[in-house]
Amino acid sequence: MNVNRAINIDDLRKMAKRRLPRIAYDFIEGGVEDELGIARNEAVYDRERLVPHYLVDVSKRDQSADLFDRKYASPFGVSATGLAALFRPGADLMLAEAAAAANIPFMMSGMSTASIEAAARVAPTHSWYQLYVARKRAITLDQIKRVSDAGFGTLVVTVDVPTPSKRERNLRNGFGLPPRLSPALVLDALRHPGWLADYLRHGMPRFDNWVQYARPDSGTHSINTFASGQVPDQTTTWKDLEEFRKIWPRHLVVKGILHRADAIRAAELGVDGIIVSNHGGRQLDQAPAALEVLPGINAAVGDKVTLMIDGGVRRGADVIMAMCHGARFVFVGRATLYGAAAGGVAGVQRAISILREEIDLTLAQIGCPNARELDESFLMPRG
Ligand SMILES: Cc1cc2nc3c(=O)[nH]c(=O)nc-3n(C[C@H](O)[C@H](O)[C@H](O)COP(=O)(O)O)c2cc1C
């Protein structure tokens, strides 16, 4: 697939859809229950307007962003997406490689299909690690140590998975590790020969960061079952976050906060950043879109912690709107994953460059040559 023919993220989505059997595509695309959250995440960016200023010198534009002692080339990064190798073998490291080359952060998923150590080789200065707290505390502590030894500067604790969610597409498709084999599944796989050839060559991907905690000599199935049985740890509370704050001296980010009171508590606890997020509409269908709660959270803790946001970002202008609302940085999940599924490293690079170019154009269009100067004055007030 020639990913360079994609002119927007939706083109990459369509290419990914063509390449993947339904069971895999639906795993990326799907949300929970009625998928209202996904629709909300995207619709929220159409609820407001950007009001341009003209007669501003926009001949030189700067979208670089300062975040946690680093200067990134753009104000967005690649969010954590588990099981990426199911969409293309090696996808985690492709995301890491493209992110590092584009000088944006790569957040490795706690359920990634490559290891912390491998990410450190591919993207030593751009990798963050997203932690899912395990039932066995020793595993979590060891993963944090490995992240530290690998030299990652940022640990992200995802808090919005108190329980597995009801993902109806997955239930309908017989999704599982391994999937439930049915004639329809086999037929669909045969209709996607590129994906099928990869799958037959590489087999079922495994959660690489969990290998050493499963029983010695475990095969892929046992490792995946073991890892899936370890998360989520439903007993996780603020006390645990406090413990992680004590043992992790570098930047600590909490991902999945939506309630203003939780944001205040996280700030009091000393986290460095918050990613306001509803997990891409994959956990609680009735949850607000991150953009809806961002202004309130910004008013409460915007001066104490670095506020970031994700969910529904498909356009550079979405990144700009989020920043006008007070987000310092924005993450994308599906956008870059479509790229990886459609075309590997080149596809991720394409996704990044599409968003980057659209940000650049929007900065010029609204008369704000420096992304650091985006604020609410560019938004048309609601109502
Ligand atoms: C296929 C897929 C897997 C994901 N896996 C994880 C994960 O392992 N950990 C996590 O914190 N978030 C995970 N997320 C959520 C993303 O990090 C991010 O919050 C979300 O995708 C943002 O919404 P967007 O896809 O509309 O950009 C996943 C999202 C997708 C689409």
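Whatever order the structure lists them in is the order used to number ligands and atoms, beginning at 1. The shown structure was predicted, so the numbers you read here are calculated from the model rather than taken from an experiment.
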ask   = Considering residues at least two apart in sequence or located in another chain, which fulfil the side-chain hydrogen bond (donor to acceptor under 3.5 Å, both in side chains) criterion with Glu243?
value = Arg137

Stepwise side chain to side chain contact (heavy atoms under 4.5 Å, CB included) check, Leu155 with His251 = CA-CA 6 Å; Leu155 180 72; His251 298 108; over 6 Å; no

note = Protein neighbours of ligand 1 with a heavy atom under 4.0 Å, given by chain and number, are Phe27, Ile28, Ser79, Ala80, Thr81, Gly82, Ser109, Gln130, Tyr132, Thr158, Lys255, Ser277, His279, Gly280, Arg282, Asp310, Gly311, Gly312, Arg314, Val332, Gly333, Arg334, Leu337

task = Consider only side-chain heavy atoms of I, L, V, M, F, W and Y, link residues closer than 4.5 Å, and tell whether Trp238 and Ile144 are in one cluster.
result = yes

task = List in chain and number order the residues that pass side-chain hydrogen bond (donor to acceptor under 3.5 Å, both in side chains) with Gln230, two or more places apart in sequence or in another chain; answer none if no residue qualifies.
result = none

task = Identify which one of Phe329, Phe76, Phe331 satisfies the side chain to side chain contact (heavy atoms under 4.5 Å, CB included) criterion when paired with Asp310.
result = Phe331

request  = With sequence neighbours excluded, give me every side chain to side chain donor-acceptor pair (under 3.5 Å) pair touching residues 89-115.
outcome  = Asp92-Thr113, Asn103-His126, Ser112-Asn209

